[in-house]
Chemist: 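Starting off with a structure, shown below.
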Number of protein chains: 2
Amino acid sequence: MKEGPDIAQIGSLIGDPARANILTALMGGRALTATELAAAAGVTLQTASAHLAKLEAGGLLTQRKQGRHRYFTLADDRVGKLLEGIMGFAASRGHLRHRPGPKEPALRKARICYDHLAGDYGVRMLDSLIEAGSISVMGEGLSLTPGGEKHLGSIGIDVSGLRSSRRPLCRSCLDWSERRAHLAGSLGKALLSNFFDKGWARRTENSRSIFFTPEGERRFLALFPLELGEDIEQPQLDDTP
Amino acid sequence: MKEGPDIAQIGSLIGDPARANILTALMGGRALTATELAAAAGVTLQTASAHLAKLEAGGLLTQRKQGRHRYFTLADDRVGKLLEGIMGFAASRGHLRHRPGPKEPALRKARICYDHLAGDYGVRMLDSLIEAGSISVMGEGLSLTPGGEKHLGSIGIDVSGLRSSRRPLCRSCLDWSERRAHLAGSLGKALLSNFFDKGWARRTENSRSIFFTPEGERRFLALFPLELGEDIEQPQLDDTP
DNA sequence: GAGATGGTTCGGTTACGATCGAAGTATGAA
DNA sequence: TTCATACTTCGATCGTAACCGAACCATCTC
């Protein structure tokens with residue numbers, strides 16, 4: 001009966017609402033202080049501190065002392081992938097938050113998924129890259145074509161530099177809001193950084209959603225066109241338990 | 001702060017030790033009764049009943065009444081994939097069970113992962129299929145080559161029949177013990193069934209581990225050879241009957 | 001029908017863990 | 001030095017949920 005790894009431990013780590021809020025906040029990709037995380041979780045600093053200690057002991061988080069601040073981040077991208085996987089599953093079972101809140105639409109449009117672009121725009125970008133022949137699909141996997149390397153090089157992505165990292169270049173990541181794949185991996189990260197650098201988009205405070213400037217949005221949509229037309233059906237998440 | 005799907009709910013479902021044991025037991029792929037699951041979880045029938053109700057309400061389980069029995073199974077293979085993902089993560093962080101127990105080696109050698117073969121043998125099978133050119137890899141994805149279809153057809157796998165199902169033919173599934181991919185999807189399922197049908201292997205009671213007969217083992221190893229040599233640690237004598 | 005087996009519901013107990021106030025430590029600023 | 005900020009540790013409270021005994025419902029066998 002008692003076999004294999006202990007999923008209950010990490011399940012219970014994620015299972016507490018306050019800790020889940022902390023992890024969700026850190027899915028934004030940037031390092032946050034204990035105070036910020038306490039606010040995000042809706043608990044006092046003492047409580048948050050206890051939670052952070054547990055999460056760190058569990059290997060989900062790492063902290064970095066900097067002066068009198070302690071910055072927390074997800075331990076690595078495997079944690080991000082794990083969480084996004086659980087989010088996708090939760091969304092598919094209708095485990096949505098009770099009050100969808102006003103930020104929900106912005107989240108669905110464009111958000112950060114640990115370090116790359118997700119949401120409607122993330123899915124569109126990958127779809128467009130595939131249509132253009134820049135990325136080829138094989139089962140669940142993705143790979144960059146020579147043409148794609150050239151194409152992305154022309155907009156300022158140094159693909160050969162990315163290859164030298166140990167991290168996979170292309171990975172697909174299942175999007176919980178769209179229920180379709182978007183682009184992760186070092187290439188996904190590089191593309192999002194590129195948008196930030198160009199001033200097309202920026203992060204928003206206290207949210208995973210990404211804000212596109214009007215000009216940036218225009219350019220993004222032009223760079224990643226879709227043949228099919230944009231009004232594809234949105235697969236609905238049914239929310240009955 | 002409160003954004004996205006509610007990961008805490010499913011986290012807490014998995015986070016309880018009794019429920020985690022139930023889910024782990026069901027990863028064996030076959031339907032189990034409430035009484036069996038109570039024994040697997042180490043709790044009384046009443047307690048197990050309450051847990052099963054929660055898991056079902058959470059969409060992780062389905063039950064099927066048959067006579068005076070109630071058979072529970074994982075709701076679908078997405079649940080299996082989710083759990084295997086969490087197991088892989090837990091194993092990578094060293095969240096192993098306290099007492100590794102005598103069954104551990106057998107589990108690492110060959111076990112069932114919802115409905116397909118995992119463990120050392122599962123990884124070997126996929127590696128061999130790739131070496132033989134039967135399956136091609138593209139990033140994280142897998143696809144069956146024409147040659148592979150012929151090859152598998154010769155050992156009794158009806159690939160074209162499998163294609164008609166909605167389920168993907170080839171999927172890679174990360175193995176928590178080997179930390180490498182093994183073959184999932186309808187093809188993975190069909191291969192394992194094939195081994196059972198031929199009498200090469202059988203399930204063991206109360207465990208996810210798979211027992212190979214001496215003859216079956218010989219044939220399996222011959223069918224899925226590895227170039228690299230097999231002498232690199234052929235560990236694990238199994239202790240189960 | 002009676003009896004046995006499989007499973008659920010109810011009620012009450014118990015234990016664990018989330019929470020916060022208050023006090024304590026570390027780092028930076030004045 | 002003194003004060004302020006950032007965070008941790010301690011101690012106590014409190015709620016919730018896991019747990020089991022007992023009773024209850026359902027299905028099969030005889």
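Residue numbers begin at 1 in each chain, while the letters A, B, ... track the order of the sequences.
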Chemist: Is any side-chain N or O of T35(B) closer than 4.0 Å to OP1 or OP2 of dT5(C)?
Modeler: no
Chemist: Report yes if a side-chain nitrogen or oxygen of K54(B) is closer than 4.0 Å to either non-bridging phosphate oxygen (OP1 or OP2) of dA17(D); otherwise report no.
Modeler: no
Chemist: Touch check for A48(B), heavy atoms < 4.0 angstrom, all strands: base, sugar-phosphate only, or nothing?
Modeler: nothing
Chemist: Which part of the nucleic acid, if any, lies within reach of A53(B) when heavy atoms closer than 4.0 Å are counted: base, sugar-phosphate only, or nothing?
Modeler: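 If one applies the 4.0 Å heavy-atom cut-off, A53(B) turns out to touch nothing in the nucleic acid.
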Chemist: Going by ring pair (Phe, Tyr, Trp, His ring centres under 6.0 Å), name the pairs with one or both residues in residues 50-69 of chain B, residues two or more places apart or in two chains.
Modeler: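 As it turns out, the ring pair (Phe, Tyr, Trp, His ring centres under 6.0 Å) pairs with a partner in residues 50-69 of chain B, which skip direct neighbours, are H69(B)-Y71(B).
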Chemist: Identify, with sequence neighbours excluded, every residue that meets side chain to side chain donor-acceptor pair (under 3.5 Å) alongside T62(A).
Modeler: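 Listed in chain order: T73(A).
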Chemist: May I have the distance from I14(A) (atom CD1) to dA18(C) (atom P), rounded to whole angstrom?
Modeler: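 Taking CD1 of I14(A) and P of dA18(C), I get 14 Å after rounding.
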Chemist: What string of B, S and - do you get for nucleotides 20-25 of chain C, 5' to 3', when a contact is any protein heavy atom under 4.0 Å?
Modeler: BBB---
Chemist: Take the protein atom CZ of R68(B) and the nucleotide atom P of dT27(D), then report the distance between them rounded to whole Å.
Modeler: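 Distance check: R68(B) CZ to dT27(D) P gives 11 Å.
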Chemist: Grab the CG-P distance between L52(A) and dT8(D) for me, whole Å please.
Modeler: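 Taking atom P of dT8(D) as the reference, CG of L52(A) is at 7 Å.
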Chemist: When the distance from CZ of R70(B) to P of dT27(D) is rounded to whole Å, what number comes out?
Modeler: 8 Å
Chemist: Atom CG of L32(B) to atom P of dG6(C): distance rounded to whole Å?
Modeler: 14 Å
Chemist: Any side-chain N or O of R19(A) below 4.0 angstrom from OP1/OP2 of dA18(C)?
Modeler: yes
Chemist: Name all residues meeting the side chain to side chain donor-acceptor pair (under 3.5 Å) criterion together with R219(A); count only those two or more places apart in sequence or in a different chain, and write none if there are none.
Modeler: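 Per chain and number, R219(A) pairs via side chain to side chain donor-acceptor pair (under 3.5 Å) with E215(A).
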Chemist: Which residues pass the side chain to side chain donor-acceptor pair (under 3.5 Å) test with T33(A), not counting sequence neighbours?
Modeler: E36(A)
Chemist: Examine dT27(C): is either OP1 or OP2 under 4.0 Å from a nitrogen or oxygen in the side chain of K65(A)? Give yes or no.
Modeler: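 For dT27(C), OP1/OP2 do have a side-chain N/O of K65(A) under 4.0 Å.
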Chemist: Once you round it to whole Å, what is the distance between C1' of dT5(C) and OH of Y71(B)?
Modeler: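 For the pair Y71(B) OH and dT5(C) C1', the rounded distance is 13 Å.
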Chemist: Side chain of A18(A) only, heavy atoms from C-beta on: which candidate in dT8(C), dT8(D), dT19(C) is closest?
Modeler: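 Closest nucleotide to the A18(A) side chain: dT19(C).
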Chemist: By the definition side-chain hydrogen bond (donor to acceptor under 3.5 Å, both in side chains), identify the one residue from E217(A), R111(A), H182(A) that meets it with Y121(A).
Modeler: E217(A)
Chemist: Between atom NE2 in H51(A) and atom C1' in dG17(C), what is the gap in whole Å?
Modeler: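 Going from H51(A) (NE2) to dG17(C) (C1'), I get 9 Å.
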Chemist: With K198(A), which residues qualify under side chain to side chain donor-acceptor pair (under 3.5 Å), at least two apart?
Modeler: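 Once residues adjacent in sequence are excluded, the partners of K198(A) under the side chain to side chain donor-acceptor pair (under 3.5 Å) criterion are N194(A).
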Chemist: Specify the separation, in whole Å, of atom CD1 of I22(A) and atom P of dC7(D).
Modeler: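 About 12 Å, once rounded to whole Å.
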Chemist: Report yes if a side-chain nitrogen or oxygen of H69(A) is closer than 4.0 Å to either non-bridging phosphate oxygen (OP1 or OP2) of dG28(C); otherwise report no.
Modeler: no
Chemist: Please round to the nearest 0.5 Å and tell me the distance separating atom CG of L37(B) and atom OG of S49(B).
Modeler: 11.0 Å
